[in-house]
Amino acid sequence: MADRMPPSMVLPFEFHALFDWMEANGFLMPSEAYPGDRLGLLGTEDDVQSDRVTAILFRVATGEQARSNGRDWFGEIVPNIEERLVPFARTGGDGSCAAFWLDDEGCQQIVHLGSEGLVCRLGRTPLDFLRLLAIGYEEISGDGLGAPGEPPRDTLRNEAYRAWLAERFAVPVPRTAAEILGEVPDALAETSSDPFWRWVREQQDGAA
């Protein structure tokens with residue numbers, strides 16, 4: 001996965017640790033859509049099917065796939081979009097994804113691209129994102145972002161992942177997504193302080 005990152009970006013060391021943990025515990029499964037690739041999970045396939053872990057599938061997009069995804073969002077308005085926006089995980093059954101984003105100041109951040117237009121930053125640091133996953137929402141793109149002020153219905157989800165996160169990074173897990181994300185702009189928002197929301201709107205307004 002690290003080898004697919006463009007020269008403008010790096011795979012955060014926290015993600016290296018996460019992927020090593022997935023591999024050590026057998027939480028990687030073959031991808032039917034991308035033969036030869038493996039998808040990273042927060043548990044076994046049975047855990048995912050039984051709703052015992054958050055439904056997220058890790059797979060860093062190739063340059064060609066990142067370019068195609070970026071053009072679906074912005075057309076040709078952002079040159080070399082594959083160097084600015086790289087999807088790395090499917091966050092919901094609706095096709096929403098999490099991505100690495102290089103902002104206009106050259107800072108690499110983690111963001112959400114929702115299939116219904118919901119876009120936002122997913123924390124200020126890679127560790128914020130890992131803490132967000134540990135809360136235990138069914139999906140990040142669903143109840144995690146749709147009602148960020150509400151705790152998940154199942155507080156026992158992601159037990160193995162939470163234990164690893166506490167041991168590896170010694171960080172607390174918040175009760176709700178809002179404790180990390182603040183206010184999440186919905187798809188119909190007309191204004192927001194979220195930096196990624198503002199950048200997306202600027203690009204889309206320029207393409208109009």
Do E139 side-chain atoms and G93 backbone N/O form a donor-acceptor pair below 3.5 Å? yes

Heavy-atom pair of closest approach, residues I180 and D128: CD1-O, 3.5 Å

Taking it one step at a time, do I140 and L145 satisfy side-chain contact (heavy atoms from CB on, under 4.5 Å)? CA-CA 6 Å; I140 295 302; L145 299 183; 4.3 Å; yes

Can you find a pair of side-chain heavy atoms, one from F58 and one from L18, that are under 4.5 Å apart? yes

All salt bridge (charged side-chain N to carboxylate O under 4.0 Å, His left out) counterparts of R162, not counting sequence neighbours: none

Is any side-chain heavy atom of F196 less than 4.5 Å from a side-chain heavy atom of C120? no

Spacing of D20 atom CG and F13 atom CZ [to the nearest 0.5 Å]: 12.5 Å

N69 side chain to A66 main-chain N or O, any donor-acceptor pair under 3.5 Å? no

Residues L132, L122; criterion side-chain contact (heavy atoms from CB on, under 4.5 Å); working and verdict: CA-CA 8 Å; L132 176 66; L122 293 177; 4.0 Å; yes

Whether over 12 other heavy atoms sit under 6.0 Å from R90 CZ: no

Check whether any side-chain heavy atom of W199 lies under 4.5 Å from a side-chain heavy atom of V111, and answer yes or no. no

As a test of understanding, state which of E82, E76, E64 forms a salt bridge (Lys or Arg N to Asp or Glu O under 4.0 Å) with R71. E76

Where the side chain of D186 meets the backbone of A189, is there a donor-acceptor pair that is under 3.5 Å apart? yes

If the threshold is 4.0 Å, N to carboxylate O, is there a salt bridge linking R52 and D154? no

Please answer: with hydrophobic residues joined when any side-chain heavy atoms are less than 4.5 Å apart, are L28 and V48 in the same cluster? yes

Compare all side-chain heavy atoms of P12 with those of F100 and state whether any distance is below 4.5 angstrom. yes

When you check the side-chain N and O atoms of D94 and S96, is any donor under 3.5 Å from an acceptor? yes

When you look at R4 and D37, which way does the side-chain contact (heavy atoms from CB on, under 4.5 Å) test go after all the steps? CA-CA 12 Å; R4 288 185 176 168; D37 279 10; 2.9 Å; yes

Do W73 and F88 belong together in a cluster built from hydrophobic side chains that touch within less than 4.5 Å? no

Which heavy-atom pair separates D143 from R153 by the least distance, and what is that distance? OD2-NH2, 4.1 Å

Linking I/L/V/M/F/W/Y whenever their side-chain heavy atoms sit closer than 4.5 Å, directly or via other members, would I81 and M5 fall into one cluster? no

Could you give the distance from OG1 (T54) to CG (L42), rounded to the nearest 0.5 Å? 6.0 Å

Compare every heavy atom of P126 with every heavy atom of E14, then report the nearest pair and how far apart it is. OE1-CB, 3.6 Å

So, do Q109 and C107 sit near enough that their side-chain heavy atoms are less than 4.5 Å apart? yes

How about V86 and P6: do any of their side-chain heavy atoms sit closer than 4.5 Å? yes

Validation: residues 163-179 side-chain donor-acceptor distances under 3.5 Å, sequence neighbours left out:
unit_1 : atom_1 : unit_2 : atom_2 : d
E179   : OE2    : R175   : N      : 3.1
E179   : OE2    : T176   : N      : 3.3

Does Y137 have R157 sitting over its ring (NZ/CZ under 6.0 Å from centre, angle to axis within 45°)? no

Are W21 and F15 close enough that their ring centres sit under 6.0 Å apart? no

d(Q108 CD, I110 CD1) to nearest 0.5 Å is 7.5 Å

Answer whether the closest heavy-atom distance between the side chains of L85 and L113 falls below 4.5 Å. yes

Are the side chains of L102 and M9 in touch, meaning some heavy atoms are under 4.5 Å apart? yes

Any side-chain donor near an acceptor of the partner, H112 and S141, under 3.5 Å: no

Is a side-chain donor-acceptor pair under 3.5 Å present for Q65 with S68? no

Can you measure from CG (D47) to CD (E159) and round to the nearest 0.5 angstrom? 10.0 Å

Could you check whether D104 pairs with R84 (Lys NZ or Arg NE/NH1/NH2 to Asp/Glu carboxylate O, under 4.0 Å)? yes

Begin from the C-alpha positions of R201 and D194 and carry the test salt bridge (charged side-chain N to carboxylate O under 4.0 Å, His left out) through to its verdict. CA-CA 11 Å; R201 292 297 179 266; D194 185 281; over 6 Å; no

Hey, any chance L130 and L39 share a hydrophobic cluster, counting ILVMFWY side chains that come within less than 4.5 Å of each other, even indirectly? yes

R38 side chain to M29 main-chain N or O, any donor-acceptor pair under 3.5 Å? no

Might you work through the salt bridge (charged side-chain N to carboxylate O under 4.0 Å, His left out) test for D103 and R121, ending with a clear yes or no? CA-CA 11 Å; D103 67 20; R121 181 171 61 180; over 6 Å; no

Is it the case that one hydrophobic cluster holds both L133 and L127, taking links as side-chain heavy atoms less than 4.5 Å apart, direct or via other members? yes

Output for pair (L11 CG, F19 CZ), nearest 0.5 Å, gives 5.5 Å

